[in-house]
Structure formats: structure tokens, C-alpha cells
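Residue numbers begin at 1 in each chain, while the letters A, B, ... track the order of the sequences.
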Amino acid sequence: MIDIKLIREQREFVKKEIEKLSVSSLIIDEICELDESKRKLLYDTECLRNTRKILSREISSEKNEEKVSAKKNEVKKINDTIKFQEEDLALIDNKLTELMLNVPNLPDPDVPLGEDDSHNVTVSYFNEKKSFEFKPLAHYEIGEKRGLIDFERGVKISGTRFYVLKKGFARLQRALINFMLDTHILEHGYEEVYPPFMVNEDCLVGTGQLPKFADNLYKDDDSGFWFVPTAEVPVTNMYRDEIIDPGLLPVKHVAYTACFRKEKMSAGKDTRGIKRGHQFDKVELVKIVLPEKAKEELSSLISDAQDILNRLEIPHRLVQMCAGDLSFSAAEKYDIEAYAPGVNEWLEVSSCSNFNTFQSRRANIKFKRDKNSRAEFAATLNGSGLALPRVMIAVIENYQTRDGLVKIPDALRKYLNDEEFI
RNA sequence: GGAGAGAUGGCCGAGCGGUUUAAGGCGGCGGUCUUGAAAACCGUUGAUGCUAAUAACAUCCGGGGGUUCGAAUCCCUCUCUCUCCGCCA
């Protein structure tokens with residue numbers, strides 16, 4: 001959520017920023033109108049409450065019975081008005097909140113202009129593409145040929161977009177998870193958390209998935225639990241409705257979770273292989289930081305994520321999202337794309353975002369600079385570090401040998417019993 | 001799943017219809033004293049909204065609803081926590 005005061009005070013500026021996202025700014029006008037009537041009504045009811053309070057106090061000390069009943073009647077009348085106004089206020093307030101929850105974050109000034117992904121900017125390339133003396137196979141070809149990915153049984157036991165990893169590939173994924181976690185904990189200073197994979201609705205409103213993106217999420221109607229689409233949701237929301245003590249920022253967490261997404265929007269897209277499933281594993285980085293440090297924290301978050309690919313010696317590139325391709329909650333976002341020679345694609349293995357105070361306003365995450373200072377909204381950031389299936393694809397395809405084996409990257413050896421090939 | 005108990009300010013804890021505009025303690029902050037510190041004593045101490053304001057006012061005693069001139073306090077309801085039993089990886 002953006003600051004309603006900013007809308008109130010700099011309406012035209014906010015509208016202009018929203019339009020950069022290729023989103024209509026009419027919502028801002030609607031908000032301004034509602035906000036104005038809300039505040040007027042609020043002031044009126046507060047005055048009435050104050051009068052009631054004074055009258056009630058007078059009743060308690062009034063001896064004259066006639067005066068008492070006169071005053072009681074007066075308060076009753078006031079109560080009727082208050083009740084009426086409160087109902088009105090609740091209606092306006094609900095509508096206002098609903099609108100505010102649907103206003104996207106404003107783009108950072110450094111974000112390039114552009115309507116869609118064709119205007120994204122590739123910042124730079126890392127690690128040379130490997131050259132092959134044979135035609136590199138796609139991961140699903142290797143997986144099927146060697147019985148390491150079972151697509152048919154995935155569909156049988158669950159449905160389309162599910163698969164079973166077996167033997168060496170299952171092990172490889174487990175090794176990657178541990179490698180990523182250990183690297184972020186030991187080398188980059190993150191603290192590990194293992195959160196629930198199911199959360200309540202408040203969490204998803206807090207990080208911005210709800211109310212707008214309900215159709216990409218799984219939910220158990222019976223219990224009201226939602227399956228996490230990313231660890232960002234439970235980990236960021238650990239601090240919901242909290243005021244973080246002075247000196248505890250930045251908070252840096254790394255978490256492994258499974259992630260669940262309906263992917264209705266991507267129907268028919270990426271149906272081959274393990275690139276886009278309804279369930280996938282991810283190691284996620286989450287930071288809660290001082291607002292003025294958010295941008296530099298984003299840079300270091302990106303390097304922390306990239307470091308995984310560097311240690312695995314996988315070619316990749318860094319892409320900056322243009323305004324029109326920013327996600328709803330992000331002020332600034334960079335994707336890291338790993339190159340997979342088998343499918344000949346740049347795969348998004350990480351998406352690193354700075355949300356500024358957008359999420360912390362929704363989730364009410366605050367901090368204090370000093371013991372006696374006012375609580376302020378913190379900035380939140382997160383990024384994948386990294387998404388497992390696509391890193392699997394990159395490792396499998398980049399490290400494949402002519403005879404269909406996968407050479408284990410040096411960085412992973414110790415997680416795989418120092419073996420050489422899968 | 002069954003039975004019972006409970007939810008109050010950063011923490012502990014009183015209050016059970018009107019100086020509660022939440023006692024008292026702990027902790028925190030400021031001060032007195034001291035070479036310094038501790039102890040002791042004195043003062044102070046949250047959130048939200050509106051606002052130029054650390055002013056005034058309003059709201060906040062788990063959430064929602066009700067009774068009343070007036071609710072932390074009474075009633076209803078929901079949620080959560082704890083204890084015991086049952087079941088269980």
C-alpha cells in the first residue's frame with residue numbers, strides 16, 4: 001500500500017507515476033473523493049462522541065432527576081446520529097481500503113520507462129556460454145532417457161504440470177537446496193528459517209498477493225489456509241504487526257519452501273519439462289531494512305543470488321524490469337536469467353525486488369531507530385536464491401556429457417558424496 | 001475429538017458499570033547523589049487517526065455484535081492460547 005498522505009498531497013504526481021506502469025490512474029481520483037468525505041465524517045463523529053462523553057459524565061454527578069432524564073434523552077439522540085454516521089463511515093472506509101489495496105507500488109526513479117517486457121534492460125552478462133562438441137539435449141530428454149524424471153507418473157498421481165524426480169536428480173535437487181542454504185548462511189550472513197507452507201489470509205494481503213491475485217493461489221476452503229506461492233509470504237509476515245527493536249535491522253532471512261501456484265495465466269505455456277509446475281522448490285532471501293538503505297540492500301541481495309550461479313559456474317544475465325513489467329508490489333525489480341543450452345533459453349531463476357515500504361504498510365511492519373523514537377515503516381526486499389527446477393535445468397543442461405551423464409559442478413561435490421557424475 | 005481455564009500497555013499484574021483521562025511492579029529513558037558505577041530517591045514512559053504541533057480531540061484492555069445516559073468491567077458470538085484426556089507422524 002502506498003501512503004495515502006502522498007496521494008492527498010501530491011495527487012498529480014502519484015497519477016503520473018501510476019500511468020508509467022501502464023495502469024489507469026482513475027482509481028486515484030476515486031480515492032481522493034472518498035478520503036475527503038471520510039475525514040469530514042470522521043471529524044463530525046468525533047465531535048459528537050466528545051459531547052456524549054461530557055454529557056455522560058454530567059449525568060453521573062447530576063442530582064436533579066428531571067435534568068438527568070433530559071440529558072439522557074439528549075445523549076440518545078446523539079447516539080442515533082453517531083450510529084448513522086458510523087455506518088456511513090464503515091461503508092466509505094471499506095471501499096477506501098479496498099481501493100488502496102489495489103493501488104500498485106510506485107516505480108523507483110531509476111526504473112526505465114516501457115510498457116512491457118520488450119522494454120526490459122539487460123544490465124550485463126556473466127560467465128561465458130559453454131561450447132559443446134555435440135548437440136546439447138534438453139533436461140527432459142536426459143531425464144526421460146535415464147529414468148531420472150518421471151513425467152507420466154507425475155500426471156498419474158497428481159495431474160498435468162506435475163512430475164517425479166528420481167534417483168540422481170532427486171538427490172541433485174536436495175544437494176542444491178543445501179548448497180544454497182549453506183552459502184547464504186555462511187557466506188552472506190542470512191539467518192535460516194523454516195516457515196509453514198500454509199498461511200492465513202492476512203499474510204497474503206500483507207505481502208500483496210491478495211486481493212488482486214487470488215486466482216493464482218491454492219486455498220483450503222475448509223480451514224481457510226492458503227498454500228504459499230513463495231516463502232516471501234510466510235517469512236515477511238513473521239514480522240507482521242511488529243515493531244522491530246532498534247539495532248536489529250537489517251533482518252536477513254533465508255528459507256527453503258515448496259511453492260504452489262495455479263499458473264492459470266500461463267496455460268499452454270512451458271508445458272514441457274520441469275520449468276513451470278504447480279509445485280516447485282525455492283530457496284528465498286528476505287530482507288527487512290532501513291528505508292534509506294533499501295536500494296543498496298537490493299544490490300547486495302542480487303549479488304547474493306548471483307553468487308550461487310557463479311559458484312556453479314553457470315552463464316547468466318541480469319535484467320532490469322521496465323515500469324510496465326514491474327510486479328504489483330515492487331518499486332524496482334531485477335531478474336536473473338540462467339542460460340540453458342538444451343532448451344536454448346534464458347530461464348528466470350530469480351526475481352529480486354525492492355518494495356520500499358509498500359508491503360510494510362500492508363503488513364504493519366515497523367521499526368524504531370532508538371528506544372524513544374517514533375515507530376516507522378521498514379523497507380522490505382526479497383529475491384529467489386534460487387528457484388530449484390530452473391537451476392536444475394541449467395545444471396543438467398550445462399553439465400551434460402556426450403554420453404548423457406551430468407558432471408557434478410565442483411561446488412556441489414561435497415553435497416554429493418564427492419562423486420563426479422550423475 | 002472430549003472436559004476445563006484464560007486473553008489487560010515492552011513484560012508481569014490489579015481492576016469486574018461512572019475521578020480508569022488503565023492501579024502497582026519490572027524494564028527503558030531523564031535527573032539528584034557519586035571520581036565513576038551500583039544502590040537509593042525524584043520525574044518520565046505505548047499505538048492509530050486528525051494536525052504546523054512532542055497542543056487539543058477521538059479511537060485502542062484478543063476480534064465482532066448487543067445491553068446502558070455511560071462498558072476493560074454485564075450479555076452473545078468468533079478466534080487464539082494453556083491444562084488434562086483421546087487420537088496420531
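- For the P atom pair drawn from C61(B) and A71(B), the interatomic distance equals 12 Å after rounding to whole Å.
- Distance Asp3(A) CG to G49(B) C1': 13 Å, rounded to the nearest Å.
- Close to G70(B), at under 4.0 Å from its OP1 or OP2, lies a side-chain N or O of Asn79(A).
- Across the interface with RNA chain B, nearest-nucleotide mapping of Lys368(A) and Tyr43(A) shows Lys368(A) to be the residue nearer the 5′ end.
- Relative to the ring axis of Tyr190(A), Lys252(A) places its NZ or CZ within 45° and under 6.0 Å from the centre.
- With hydrogens and angles left out, the side-chain atoms of Asp325(A) and His119(A) include no donor and acceptor closer than 3.5 Å.
- Remark: Lys262(A) is positioned above the aromatic ring of Tyr218(A), its terminal NZ or CZ atom under 6.0 angstrom from the ring centre and at most 45 degrees off the axis.
- To the nearest whole angstrom, the two C1' atoms, one in A23(B) and one in G13(B), are 10 Å apart.
- When distances are taken from the side chain of Arg39(A) to each of G46(B), C69(B), C50(B), the shortest belongs to C50(B).
- Side-chain polar atoms of Asp220(A) and Ser223(A) form a donor-acceptor pair below 3.5 angstrom.
- For His278(A) and Phe162(A), the distance between ring centers is under 6.0 angstrom.
- Ring orientation note: the planes of Phe328(A) and Phe213(A) are nearly perpendicular, at an angle over 60° on the 30°/60° scale.
- Between the CD1 atom of Ile243(A) and the P atom of G28(B) there is a distance of 19 Å, rounded to whole Å.
- Spacing of P atoms, G30(B) relative to A38(B), comes out at 11 Å, to the nearest Å.
- In the model, Gln359(A) has no side-chain atom that pairs as donor or acceptor with a side-chain atom of Ser329(A) under 3.5 Å.
- Across all strands shown, U67(B) forms no Watson-Crick or G-U wobble pair with both distances under 3.5 Å.
- Among the atoms of the strands shown, none is found under 4.0 Å from any heavy atom of Ile78(A).
- Here A52(B) sits opposite no nucleotide as a Watson-Crick or G-U wobble pair (both hydrogen-bonding atom distances under 3.5 Å).
- Comparing U67(B) with C12(B), their C1' atoms sit 33 Å apart, to the nearest whole Å.
- Counting to the nearest Å, the C1' atom of C50(B) and the CG atom of Asp44(A) are 13 Å from each other.
- Separation of the C1' atoms belonging to G1(B) and G15(B) is 37 Å when rounded to the nearest angstrom.
- Across every strand in view, A47(B) sits in a pair with U59(B) that passes the Watson-Crick or G-U test at under 3.5 angstrom.
- If you take CD1 of Ile92(A) and C1' of G49(B), they are 16 Å apart, rounded to a whole angstrom.
- Distance check on atom C1': C50(B) versus C57(B) gives 9 Å, rounded to whole Å.
- Proximity of a side-chain donor or acceptor of Asp35(A) to a complementary backbone N or O of Ile31(A) within less than 3.5 Å is not detected.
- In this entry the distance linking CG of Asn64(A) with C1' of C69(B) reads 15 Å, nearest Å.
- For the C1' atoms, the distance linking U79(B) with G64(B) amounts to 10 Å, nearest Å.
- With ring centers used as reference points, His253(A) lies under 6.0 Å from Tyr239(A).
- Within the 4.0 angstrom heavy-atom criterion, only backbone atoms of the sugar-phosphate kind lie near Lys76(A); the bases stay farther away.
- Using the Watson-Crick or G-U wobble rule with both distances under 3.5 Å, U73(B) pairs with nothing in any strand shown.
- Ranking C69(B), C50(B), G46(B) by closeness to the Lys5(A) side chain, first place goes to C50(B).
- Atom C1' of C74(B) sits at a distance of 10 Å from the matching atom of U68(B), rounded to the whole Å.
- Nucleotide U83(B) forms a Watson-Crick or G-U wobble pair with A3(B), both donor-acceptor distances falling under 3.5 Å.
- Checking G9(B) for Watson-Crick or G-U wobble geometry (two distances, each under 3.5 Å) identifies no partner in any strand.
- Summarising the geometry, the separation between CD on Glu9(A) and P on C50(B) is reported as 10 Å, rounded to the nearest angstrom.
- The partner of U20(B), taking Watson-Crick or G-U wobble pairs whose two distances both stay under 3.5 Å, does not exist in any strand shown.
- Leu55(A) comes within 4.0 angstrom of nothing in the nucleic acid, heavy atoms only.
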What does the B/S/- profile of nucleotides 55-67 of chain B look like, 5' to 3', with a 4.0 Å heavy-atom cutoff to protein?
--BSS--------
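- A donor-acceptor contact closer than 3.5 angstrom links the side chains of Thr230(A) and Lys282(A).
- As the counterpart of A14(B), no nucleotide is assigned, since no Watson-Crick or G-U wobble pattern has both distances under 3.5 Å.
- Look at CG on Asn200(A): it is 11 Å from C1' on U79(B), rounded to the nearest Å.
- Listed pair Arg57(A) / C69(B) fails the phosphate criterion, with no side-chain N or O lying under 4.0 Å from OP1 or OP2.
- Atom-to-atom, CG of Leu42(A) to P of C50(B) comes out at 8 Å; the value is rounded to the nearest Å.
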